[in-house]
Amino acid sequence: MLASIFSKTRPINYIMLTLLIVAGYSLFIGLDTTIAWTPFEMVKRSSVLLLLLLMMYLSQFIVSRNRLVDDTGYVPLLFTSFLFIFPTSFENVHVIIASYFILLALRRILSLHSLKQSKEKILDASLWICIASLFHFWSILYLLLLFYAIAFFGAKDYRNWIIPLIAFFGASILLTLYLLIREEYFITWWTERVQISFNFMYFDNVYQNIALAVFVSISLLYAVSQALAIKSRPYNMQNTYKKILLSFLIGAAIYIISADKSNGLLLFTFFPLAILGANYIESIPQKWRKEANVYSIFCIGLFFYFMQLIIL
């Protein structure tokens with residue numbers, strides 16, 4: 001039944017997912033006794049909730065606009081389910097903000113195949129990535145995805161290669177001016193953030209560990225199956241799906257190398273993995289298998305959410 005409900009994009013889908021995210025976020029954050037509820041904190045947390053909702057809405061807009069999936073609502077459903085697998089992602093404000101700007105950048109990068117307003121799209125994507133890196137430095141790795149896209153859709157025009165560099169230096173100048181006003185050193189500010197760690201012993205409880213193992217299994221299923229299916233895609237869309245796979249791999253790399261490691265960092269992988277998962281579900285011919293797959297992911301999300309909520 002759940003797969004049938006989201007087999008088409010309907011207003012009821014957005015209403016259900018909106019209520020689910022609002023309730024899940026409010027309950028998890030509300031029970032966190034470490035948060036001091038000042039007026040500023042309330043505004044900040046409400047703004048973060050709004051960003052999460054915008055990311056869910058934007059995920060459907062991007063895939064529909066670029067025809068990355070059929071006319072289904074599986075992408076926002078899977079995105080929401082992944083959020084509930086890792087409810088601690090609700091608490092990582094900087095990662096949520098960075099992920100939102102990366103999603104805006106991906107919107108422009110994935111639309112480069114249309115070859116319309118390419119320079120404007122490259123500039124927008126570059127600026128969004130640079131802004132995201134201010135909140136989580138390793139978001140800068142998404143410039144690799146942008147250069148990959150340029151190599152396929154705008155390599156002949158040398159100006160396309162220069163635009164990301166101009167955006168990077170422009171953002172650096174603005175950041176320098178901001179730090180001067182605050183009397184902080186540019187190099188010190190960056191060195192505090194440009195750190196790498198491969199220490200994965202950060203789990204607060206066993207459910208975070210199990211949730212990660214389950215998520216890795218789901219990721220392998222969706223990513224490998226869709227990587228093998230790329231050749232069966234229309235030729236003009238194959239590079240777009242390669243960009244989605246590369247986006248997922250970059251998100252995974254950010255999680256692996258980041259020093260302030262947490263399950264919340266996997267938020268960078270949710271959108272591309274939701275696209276891969278939606279395509280996997282749509283490729284299943286049997287209706288009962290579709291239902292089983294959708295129910296499994298959704299119930300897994302609810303299970304790990306409530307288990308981590310109980311021991312909060």
Side-chain angles (χ1 to χ4, degrees), residues 58-59 62-63 65-69 75 98-134 136-172 194 196 219-220 222-258 265-279:
L58 192 58
S59 67
I62 294 172
V63 296
R65 190 69 178 269
N66 295 283
R67 294 177 293 179
L68 299 175
V69 298
V75 170
S99 298
Y100 175 72
F101 286 120
I102 290 299
L103 194 57
L104 294 178
L106 290 176
R107 170 178 171 263
R108 303 301 270 172
I109 293 172
L110 293 175
S111 65
L112 276 175
H113 67 274
S114 67
L115 301 179
K116 297 178 181 179
Q117 299 178 321
S118 296
K119 292 179 178 58
E120 290 84 349
K121 292 176 181 177
I122 293 171
L123 178 61
D124 288 349
S126 304
L127 289 173
W128 292 134
I129 292 171
C130 289
I131 293 173
S133 69
L134 299 179
H136 189 80
F137 173 77
W138 291 114
S139 303
I140 203 74
L141 291 178
Y142 279 95
L143 285 177
L144 297 175
L145 178 64
L146 179 58
F147 284 122
Y148 174 84
I150 293 172
F152 278 97
F153 301 108
K156 294 181 179 179
D157 191 340
Y158 73 92
R159 290 172 294 183
N160 291 338
W161 296 97
I162 298 175
I163 291 173
L165 301 177
I166 294 174
F168 177 78
F169 287 116
S172 298
V194 186
I196 296 176
S219 300
L220 288 174
Y222 289 163
V224 173
S225 64
Q226 293 309 298
L228 296 175
I230 283 181
K231 293 296 183 181
S232 64
R233 301 288 179 188
Y235 181 76
N236 63 334
M237 292 297 292
Q238 289 183 11
N239 283 324
T240 300
Y241 284 100
K242 289 178 182 177
K243 286 189 290 185
I244 295 169
L245 280 167
L246 181 56
S247 173
F248 168 73
L249 293 175
I250 291 174
I254 291 174
Y255 163 75
I256 291 171
I257 68 175
S258 293
L265 286 169
L266 291 166
L267 184 60
F268 289 107
T269 67
F270 289 178
F271 174 63
L273 187 62
I275 299 176
L276 299 174
N279 278 280

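- No more than 12 heavy atoms of other residues, nucleotides or ligands sit less than 6.0 Å from atom CZ of Phe168.
- Shortest non-hydrogen contact noted between Ser247 and Leu145 is CB-CD2, 3.9 Å.
- Between Ile257 and Trp138, some side-chain heavy-atom pair lies under the 4.5 Å cut-off.
- Here the closest heavy-atom approach between residue Ile62 and residue Leu68 is recorded as O-CD1, 4.5 Å.
- To the nearest 0.5 Å, atom CG of residue Asn239 and atom CG of residue Leu246 are 11.5 Å apart.
- Rounding to the nearest 0.5 Å places CG of Asn279 at 5.0 Å from CD of Gln226.
- Enclosure of atom CH2 in Trp128 is not indicated, since only 12 or fewer non-hydrogen atoms of other residues, nucleotides or ligands lie within 6.0 angstrom.
- In this structure, the side chains of Ile254 and Tyr142 come closer than 4.5 Å at one or more pairs of heavy atoms.
- Nearest heavy-atom pair, Asn160 versus Ile150, reported as atom, atom and distance to 0.1 Å: O-CD1, 3.3 Å.
- Between Leu123 and Ala167 the shortest heavy-atom distance is CD1-CB, 4.3 Å.
- Atom CZ in Phe270 sits 12.5 Å away from atom OG in Ser59 (nearest 0.5 Å).
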- Task: Please test Leu106 against Phe271 for side chain to side chain contact (heavy atoms under 4.5 Å, CB included), starting from the C-alpha separation and ending with a verdict.
- Result: CA-CA 10 Å; Leu106 290 176; Phe271 174 63; 3.8 Å; yes

- Query: Passes side chain to side chain contact (heavy atoms under 4.5 Å, CB included), Thr240 versus Arg233? Steps please.
  - Reply: CA-CA 10 Å; Thr240 300; Arg233 301 288 179 188; over 6 Å; no

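- The two residues Tyr241 and Arg67 make their nearest non-hydrogen contact at OH-O, 4.1 Å.
- Between the OH atom of Tyr100 and the CD1 atom of Ile131 there is a distance of 11.0 Å, given to the nearest 0.5 Å.
- Within the structure, salt bridge (Lys or Arg N to Asp or Glu O under 4.0 Å) contacts touching residues 236-251 (residues at least two apart or in different chains) do not occur.
- The minimum heavy-atom distance between Tyr222 and Gly277, with the atom names listed, is CD1-CA, 3.4 Å.
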- Would you sort out whether Phe248 and Ser219 count as a side chain to side chain contact (heavy atoms under 4.5 Å, CB included), showing the intermediate values? CA-CA 9 Å; Phe248 168 73; Ser219 300; 3.6 Å; yes

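- Within the model, atoms CG of Leu134 and SG of Cys130 stand 8.0 Å from one another, a figure rounded to the nearest 0.5 Å.
- Between the side chain of Asn66 and the main chain of Leu112, no donor-acceptor pair closer than 3.5 Å is present.
- From Leu141, atom CG reaches atom CG of Leu146 across 13.0 Å, with rounding to the nearest 0.5 Å.
- Counting heavy atoms of neighbouring residues, nucleotides and ligands inside a 6.0 Å radius, atom CZ of Phe169 does not exceed 12 of them.
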